[in-house]
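Numbering of ligands and ligand atoms starts at 1, following listing order.
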Amino acid sequence: MEDYPRNLAELERRFATEEACRKYLAGLRWPDGFRCPRCDGTAAWPMADGLLRCRVCEYKLSLTAGTVFEGTRKPLWMWFRAIWWVVGQKNGASAKGIQRMLELGSYQTAWAWLHKMRRAMVRPGRDRLRGVVEMDETYVGGEKPGKRGRGALGKALVAVAVEDRGDDGIGRIRLAVVSDASQESLAPFATLTVEPGTTIRTDDWSGYGTLTDVGYPHTVVPSHELKIAHRTIALLKSWLAGTHQGAVSHQHLDYYLDEFTFRFNRRRAGHRGLLFFRFLQNAMMIEPTTYRQMVKSVRGPKPSNHKG
Ligand SMILES: [Zn+2]
């Protein structure tokens, strides 16, 4: 099931051709075998242009449509090497590093790749948090401390959801930039990231006042008891400060949060090859609606110039 290269030499040997890369991606996209989206047929021919053709109804589809690899002009083996490198950077990957590693002429290309990769790192909407979840929010960036609920100049507000695994400590996390700490922002964040019926623990901030209404048993505790949320926030802040010298633009904060979440949720995965495998698994998941689109639809559109 979890089939991945053990080291760089194996990666290079195994994924030397486009065909080998495509075969691997197809296995991740259709773990139970190919399924034609039109006729439900179970076999397809690979075509020279990288498309697949259903053997029953002849429908043509692209293996990579809707994924991070859609429309790329660079060979997949280059992507595989870039991903291998990115997942191995414990303190976060930089565009400069990718540029150097792949010997790309353009810094911008490297930067665009890195941002595409970050976007593929998290797949909320699936695998929502469960068990007992702690929620809190924190301001990131800017210089002045922010006042809760009112928005603070120069700062971005990040909502935080953390699984409480009891004696096993912190489970998985979800993070998202929210426009403010109102009920209109925090309840949708819960809905998108936490399985309905899960107990959510927060402090008595009014922004969490509608959690019960949207389907979550809600426990209110004094703020200082939100230990795992606070611990996660501290780790996030030190990661941002260390990796990005604290200079994280709001525009790209979503991407950094995705990278942090990916690394955090797989901090015990151990093997680099397994991270590589998980990354590609995420990357090949085709979402009918992406998380960011969902967030945008609840908080209104936000200008963005990195559609890449
Ligand atoms: Zn078909």
What about Phe15 and Trp77, are their ring centers closer than 6.0 Å?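 Centroid separation for Phe15 and Trp77: 6.0 Å or greater.
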Lys/Arg N to Asp/Glu carboxylate O, Arg119 vs Asp258, below 4.0 Å: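 The answer is no: the pair does not qualify as a salt bridge.
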Can you tell whether the side chains of Lys23 and Glu19 come within less than 4.0 Å, N to carboxylate O?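 No.
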Have a look around the Zn ion (ligand 1) and list protein N/O/S atoms under 2.8 Å, or say none.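 Listed by chain and number, the nearby protein N, O or S atoms are Cys36 SG, Cys39 SG, Cys54 SG, Cys57 SG.
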Enumerate donor-acceptor pairs with a distance under 3.5 Å from any side-chain N or O in residues 227-237 to protein atoms, sequence neighbours excluded.
unit_1 : atom_1 : unit_2 : atom_2 : d
His230 : ND1    : Leu226 : O      : 3.3
His230 : NE2    : Asp136 : OD2    : 3.0
Thr232 : OG1    : Ile228 : O      : 2.8
Lys237 : NZ     : Thr138 : OG1    : 3.0
Lys237 : NZ     : Tyr139 : O      : 3.1

Any pair counted as ring-ring contact (aromatic ring centres under 6.0 Å, His included), so long as it reaches residues 35-69, sequence neighbours left out: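 Output for this query lists Phe69-Trp79.
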Can you list everything that forms a salt bridge (charged side-chain N to carboxylate O under 4.0 Å, His left out) with Arg130? Sequence neighbours excluded, please.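 So Arg130 forms a salt bridge (charged side-chain N to carboxylate O under 4.0 Å, His left out) with Glu195.
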